[in-house]
Amino acid sequence: MSFPLLTATAAVPAIGAIATAAVPAARRAAAKWLALLFSLATLVLAAVVAVRFDTGAKGPFQLTESHAWIKDFGVRYELGVDGIAVALIALTALLVPFVILAGWHDADPLEGKEPNRRWRPTQGFFALVLAVEAMVVISFEATDVFLFYIFFEAMLIPMYFLIGGFGDRAGAGGEERSATLRSRAAVKFLLYNLAGGLIMLAAVIGLYAATADQLGSGTFSLTEIVQARADGRLTLGTGTERLLFLGFFFAFAVKAPLWPLHTWLPGAMGESTAPVAVLITAVVDKVGTFAMLRFCLQLFPEASSWATPVILVLALISILYGALLAVGQRDIKRLVAYASISHFGFIVMGIFAMTSQGQGGATLYMVNHGISTAALMLVAGFLISRRGSRLIADYGGVQKVAPVLAGTFLVGGLATLSLPGLAPFVSEFLVLVGTFSRYPAVGIVATVGIVLAALYVLVLYQRTMTGPVKAEVRAMPDLKARELAVVAPLIALLLFLGVYPKPLTDLVNPAVDHTLSVVDQHDPRPDVPVKADAEAAK
């Protein structure tokens, strides 16, 4: 039997989480280095997955693993990756080491307070980060709907504790008030996502019942269901398919997050530490948009087309609403949170434009948004930790005392507004082109989000980094070696993928073409008359 590479990629961080949690309370430094080591080992395995993936191979999934799990209910341990999954696994494995390095001191005991010997705060923080990584990776790999659902829901548990137990202590009006705000944000995050998950569970059960009725035995296998539909052996009624689609889409829209199911995100990101905020929006939320491509479109093609007009309207509202609220924010982290809501609107719009440019751009957007948001949020976290405040008004003139910090903050911000030459520009351009080719009005209105993005990013930079140096930031130190080690690779990736996105496009385009073929959609032909050969020769 060949080496189970996909299982290993998810198992290594899971083992790392257990090993890190088991480190004695007095060995905090050892726990940090152990967590970093396991995250780097996961990155190596993700690189091997990317190298072994053949972009020219036939079939939807590669590196597949399939084993019987719960035979009586047709549940299998079934894994496989396409180009989209490979790109997102690589993104996750890349960002987690930076999350660990950036949060190196976030879980240390407060100065002047003895650590609770019954609770290992440092070990617990890093173990939870690795647990989230393991669950996200296997969610990208799962091709059995029930297996996906388990980890889709299970990742809420470590995220709940990361938000509520290891949240931000800066700028919340005292430790007691800070703990209250963190608890509220964590509970809201959990309730919203659990509600979405429970509705999805009902749809998962409905899908199993439909396959059992028509195929003789129920199955959760994505490949089997798609093949049975192609062969005509499985035909879901129009009403049934649409109800099942809505159950799946609701859960993914909460996770994404899509307006009006987004309201948990600003609180969760605002009350989290910057590394945990990156984990939320750059890693965990991508599972929602990924699942729309893998499960909503492929399991329910007719319902996906039926719901497209409404979903595009919701995506447009997310784009404009998130950008407008970002303009008016006074809190740095909440500004980035609302900006992310706007960006996820672009991703969902690209997915449901049902064009190769739109879906390819949406996939690139997932990766590029993860990198750019990580760069901006982590530098913002370094800034906040120095001043002890999240309020924009408490800063000014930072570029004169910490030029490297200000410069990296500017690059992260420019990437967020999709400046040409930086990675997000390519993905946003493809999303707009793909949407405009089929829905011109939607594409035109969405461009307003680009203008608003320039406004909130440049105003943020102006108010925090330029102008007179405020007394509270006069002694602010510049980025240190550990912080530079976090930010510099992300900036380099933004520049590289901004001028040479071909490795990513070559990876994801075959998967996008397969998805469109399953949904029976084709790129619209240009509305330009073709001249006859004789006329063209003249």
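Below, all heavy atoms of this structure are taken into account, side chains as well, without hydrogens, waters or symmetry copies. Quick note: residue numbers are just sequence positions, from 1.
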> Do I341 and W259 have side chains that get closer than 4.5 Å, going by heavy atoms?
Replying inline: no
> Who pairs with L376 by side chain to side chain contact (heavy atoms under 4.5 Å, CB included), at least two apart in sequence or on another chain?
Replying inline: V336, F409, T416
> Counting only N and O atoms by type, is there a donor-acceptor contact under 3.5 Å from the side chain of S385 to the main-chain atoms of F382?
Replying inline: yes
>> Between Y456 and Y338, does the side chain to side chain contact (heavy atoms under 4.5 Å, CB included) criterion hold? Intermediate values first, please.
In response: CA-CA 10 Å; Y456 62 70; Y338 280 109; over 6 Å; no
>> Could you work out, with ring pair (Phe, Tyr, Trp, His ring centres under 6.0 Å) as the rule, every residue matching F126, not counting sequence neighbours?
In response: none
> Atom CG of D144 and atom NE2 of H67: how far apart are they, to the nearest 0.5 Å?
Replying inline: 12.5 Å
> Which residue pairs satisfy the ring-ring contact (aromatic ring centres under 6.0 Å, His included) criterion with at least one member in residues 19-47, sequence neighbours excluded?
Replying inline: W33-W104
> Do M159 and L128 have side chains that get closer than 4.5 Å, going by heavy atoms?
Replying inline: no
> How long is the span from the OG1 atom in T281 to the NZ atom in K333, to the nearest 0.5 Å?
Replying inline: 13.0 Å
> What pair of heavy atoms forms the shortest contact from L101 to V486, and how long is it?
Replying inline: CB-CG2, 3.5 Å
> Do the non-hydrogen side-chain atoms of V136 and L88 ever get within less than 4.5 Å of each other?
Replying inline: no
>> Per the salt bridge (Lys or Arg N to Asp or Glu O under 4.0 Å) rule, what does the pair list look like for residues 473-490, sequence neighbours excluded?
In response: R386-E483
> Do V287 and F252 touch side chain to side chain, with heavy atoms closer than 4.5 Å?
Replying inline: no
> Relative to the ring of H343, is the ring of Y365 parallel (under 30°), tilted (30 to 60°) or perpendicular (over 60°)?
Replying inline: tilted
>> Using the rule given for salt bridge (Lys or Arg N to Asp or Glu O under 4.0 Å), can you reason through K255 versus E153, listing the C-alpha separation, both sets of side-chain angles and the distance that settles it, and then say yes or no?
In response: CA-CA 10 Å; K255 185 85 78 179; E153 287 292 276; 5.4 Å; no
>> With a 4.0 Å cut-off on N to O distance, would you call E65 and R76 a salt bridge?
In response: no
> Okay, side chain of T143, backbone of E78: is any donor-acceptor separation there less than 3.5 Å?
Replying inline: yes
> How long is the span from the OG atom in S418 to the CZ atom in F346, to the nearest 0.5 Å?
Replying inline: 7.5 Å
> By ring pair (Phe, Tyr, Trp, His ring centres under 6.0 Å), which residues pair with F290, not counting sequence neighbours?
Replying inline: F140
>> For A87, give me all partners under side chain to side chain contact (heavy atoms under 4.5 Å, CB included), at least two apart in sequence or on another chain.
In response: V367, L504, L507, V508
> Rounded to the nearest 0.5 Å, how far apart are CG of L364 and CD1 of I347?
Replying inline: 10.5 Å
>> Restricting to ring pair (Phe, Tyr, Trp, His ring centres under 6.0 Å), what partner residues turn up for F248, sequence neighbours left out?
In response: F300
> Who are the side chain to side chain contact (heavy atoms under 4.5 Å, CB included) partners of V459, not counting sequence neighbours?
Replying inline: L455, R463
>> Can you give me the closest heavy-atom contact between V96 and S39, atom names plus distance?
In response: CG1-CB, 3.9 Å
> Which pair of non-hydrogen atoms, one from L258 and one from S318, has the smallest distance, and what is that distance?
Replying inline: CD1-OG, 3.4 Å
> Going through the checks in order, is the side chain to side chain contact (heavy atoms under 4.5 Å, CB included) test met by S272 and L162?
Replying inline: CA-CA 8 Å; S272 299; L162 282 170; over 6 Å; no
Return all side-chain donor-acceptor pairs below 3.5 angstrom for residues 189-201, not counting sequence neighbours, or 'none' if the list is empty.
unit_1 : atom_1 : unit_2 : atom_2 : d
Y192   : OH     : T263   : OG1    : 2.6
N193   : ND2    : F189   : O      : 2.8

> With sequence neighbours excluded, what pairs up with D394 under the salt bridge (charged side-chain N to carboxylate O under 4.0 Å, His left out) test?
Replying inline: none
> Between CG of L94 and CG of L493, what distance do you get to the nearest 0.5 Å?
Replying inline: 6.0 Å
> If you look at every heavy atom in L497 and A423, which pair is closest and at what distance?
Replying inline: CB-CB, 3.7 Å
> Checking side chain to side chain contact (heavy atoms under 4.5 Å, CB included) for the pair F148/F220: CA distance, chi angles, key distance, verdict?
Replying inline: CA-CA 10 Å; F148 169 83; F220 294 103; over 6 Å; no
> Between R387 and M476, is there a donor-acceptor pair closer than 3.5 Å when you use the side chain of the first and the backbone of the second?
Replying inline: no
> Quick one: are K32 and H105 in side-chain contact, heavy atoms under 4.5 Å?
Replying inline: yes
> Does the separation of the ring centres of H262 and Y321 fall below 6.0 angstrom?
Replying inline: yes
> Just wondering, do L91 and V283 contact through their side chains at under 4.5 Å, heavy atoms?
Replying inline: no
>> I need the minimum non-hydrogen distance between E133 and P13, along with the two atoms involved.
In response: OE1-CB, 3.6 Å
> Is there a side-chain hydrogen bond (donor to acceptor under 3.5 Å, both in side chains) between T20 and Q123 once you walk through the steps?
Replying inline: CA-CA 6 Å; T20 303; Q123 289 85 334; over 6 Å; no
>> Show me the pairs that pass salt bridge (Lys or Arg N to Asp or Glu O under 4.0 Å) and involve residues 365-384, at least two apart or across chains.
In response: none
> Just wondering, do M269 and R334 contact through their side chains at under 4.5 Å, heavy atoms?
Replying inline: no
> Is the backbone of L181 close enough, under 3.5 Å, to the side chain of E271 for a donor and an acceptor to pair up by distance?
Replying inline: no
> side chain to side chain contact (heavy atoms under 4.5 Å, CB included) with A406: which residues, sequence neighbours excluded?
Replying inline: Q399, Y461, M465
>> Any heavy-atom pair between the side chains of P424 and L494 that's under 4.5 Å?
In response: yes
> Should V12 and L45 be marked as a side chain to side chain contact (heavy atoms under 4.5 Å, CB included) after you check the CA-CA gap, both sets of side-chain angles, and the distance that decides it?
Replying inline: CA-CA 9 Å; V12 166; L45 286 172; 3.4 Å; yes
>> For F146, is the CZ atom crowded, meaning more than 12 foreign heavy atoms sit under 6.0 Å from it?
In response: no
> Is the NZ or CZ atom of K470 positioned over Y395's six-membered ring, under 6.0 angstrom from the centre and within 45° of the axis?
Replying inline: no
>> For S427 versus N368, what's the shortest heavy-atom pair and its separation?
In response: OG-ND2, 3.4 Å
> How many angstroms lie between atom CG of L63 and atom CG of D82, to the nearest 0.5 angstrom?
Replying inline: 11.0 Å
